[in-house]
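Contents: one structure, followed by commentary.
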Amino acid sequence: MTFNAQAAQALMEITSRPDLTFVKGEGSWLEDHTGKRYLDVIQGWAVNCLGHCPTEMVEAINAQARLLINPSPAFYNQPSIDLANRLVEASVFDRVFFANSGAEANEGAIKLARKWGQKMRAGAYKIITMDHSFHGRTIATMSASGKEGWDKKFPPQVDGFPKADINDIESVRALIDDQTVAVMLEPVQGEGGVIPATQEFMQELRALTTEKGILLIVDEVQTGMGRCGTMFAYQHYNIVPDIMTLGKGIGSGVPLAALLATEAVSVFEHGDQGGTYNGNPLMTAAGVAVFDVLNAPGFMQSVNQRAQELSEGLLALSAKWGMQGERGVGLLRALMLDRDDGNEIVQAARDRAPEGMLLNAPRPNLLRFMPALNITAEEVQTMLQWLDEVITQVRK
Ligand SMILES: *Cc1c(COP(=O)(O)O)cnc(C)c1O
């Protein structure tokens with residue numbers, strides 16, 4: 001197969017893409033139009049938790065497609081009930097609303113918190129979010145995000161998202177007023193460069209929000225579904241949030257996301273929330289298949305084992321190359337470089353022959369690793385070895 005750059009111009013230009021098309025994938029490997037294989041450590045940006053085209057999903061999607069694809073969200077369907085019950089049972093939440101993307105789930109969380117504010121807090125609507133956070137690309141979720149420069153992109157922003165600093169409880173306390181209804185944060189800031197909230201901060205945050213009578217919302221679009229070595233990252237902190245959003249790994253590559261809340265906070269009335277594709281059986285059947293793999297005995301142990309191997313390997317590379325160490329939780333990790341050659345490393349890894357490797361540098365001095373949760377021990381070692389090779393080449 002050849003790559004037709006002219007034909008690709010029919011797609012709107014939203015980012016710089018390499019001149020290749022990916023034609024198939026299996027587990028941790030992708031294949032491009034020339035037949036070249038790549039070890040994929042991006043996995044759709046921490047999305048494909050089971051890697052490419054896992055059998056369980058392929059079978060569930062095929063079986064469901066033959067049965068029923070979309071009866072309408074105004075009717076019940078069995079896969080959505082099944083997945084909601086699995087999520088409720090695995091978490092501290094009582095109710096689930098399915099969405100199609102992380103941003104849409106977060107929009108739902110914002111609406112739910114504001115609705116709760118109307119009912120319980122005299123119309124309080126402000127949601128404190130964190131500097132450097134990422135909550136999505138709709139206008140409201142961009143306003144909620146603390147990504148640098150985003151406040152200037154599509155003004156005016158949606159009002160009511162004051163920014164505090166992660167791991168600085170006083171910066172949160174200082175922003176709380178009568179209009180505050182919630183605090184929303186990622187347990188580990190993903191796009192921000194893999195920055196975990198500390199135990200102390202999360203526990204103080206829960207205590208503070210409880211004391212002030214406001215909600216705690218965890219955006220687990222990236223950290224949830226086993227990415228951090230537990231089904232949900234909030235479970236690392238021994239806290240009970242009021243609202244959680246899921247995306248990415250929940251569908252392992254198909255458009256599925258979810259908004260979860262405790263019973264006391266599930267205050268939507270008829271007409272407040274909905275959406276054409278929300279909770280359709282095709283996607284939720286895929287979600288059930290994914291959940292059952294993640295929830296199988298021994299799966300999280302192997303995620304944690306791979307995480308430890310990855311962490312140790314990255315530390316060794318850091319020591320060898322005089323870098324700044326590594327950080328992360330579970331299989332969401334970052335290698336802190338000692339200089340700004342992250343983009344060169346990413347490119348050299350992709351260009352590597354005969355097999356390439358897909359890496360991500362969210363910042364020039366940082367590489368982020370978000371492999372499939374079922375990556376094998378050998379694949380982790382291959383990745384580390386190739387990374388060393390590529391760094392040698394870039395820095396020679
Ligand atoms: C990716 C991401 C989102 C947005 O999800 P989409 O499915 O791209 O809309 C929101 N929050 C966090 C923490 C994310 O990592």
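Every number for a ligand or one of its atoms is a count from 1 in the order of the listing. Worth saying up front: this structure is predicted, and the values here are computed from it rather than measured.
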Which of the ligand 1 atoms, numbered from 1, are nearer than 4.0 Å to a heavy atom of [X]:
X    : value
E186 : 13 (C)
N106 : 10 (C), 11 (N)
S101 : 7 (O), 9 (O)
A103 : 4 (C), 5 (O), 6 (P), 9 (O)
D219 : 10 (C), 11 (N), 12 (C), 13 (C)

Within reach of ligand 1, part of [X] (heavy-atom separation under 4.0 Å):
X    : result
H135 : backbone
W45  : neither
T245 : neither

Expected output: side-chain E59 to main-chain E56 donor-acceptor under 3.5 Å | no
Taking T210 for its side chain and R206 for its backbone only, find out whether a donor-acceptor pair lies under 3.5 Å.
-> yes
For atom CD of E211, decide whether the heavy atoms of other residues, nucleotides or ligands shown that lie under 6.0 angstrom number more than 12.
-> yes
From the options E191, Q222, K248, select the one whose nearest heavy atom is closest to atom 14 (C) of ligand 1.
-> K248
Any N or O on G102 sitting closer than 3.5 Å to an N or O of ligand 1?
-> yes
Is_contact(atom 8 (O) of ligand 1), protein non-hydrogen, under 4.0 Å | no
Is it true that [X] and [Y] have a side-chain N and a carboxylate O under 4.0 angstrom from each other?
X    : Y    : value
E355 : K36  : no
E263 : R95  : yes
R395 : E344 : no

Is the F22 to Y38 ring centre distance short of 6.0 Å?
-> yes
Pair F134 and W150, ring centroids less than 6.0 Å apart | yes
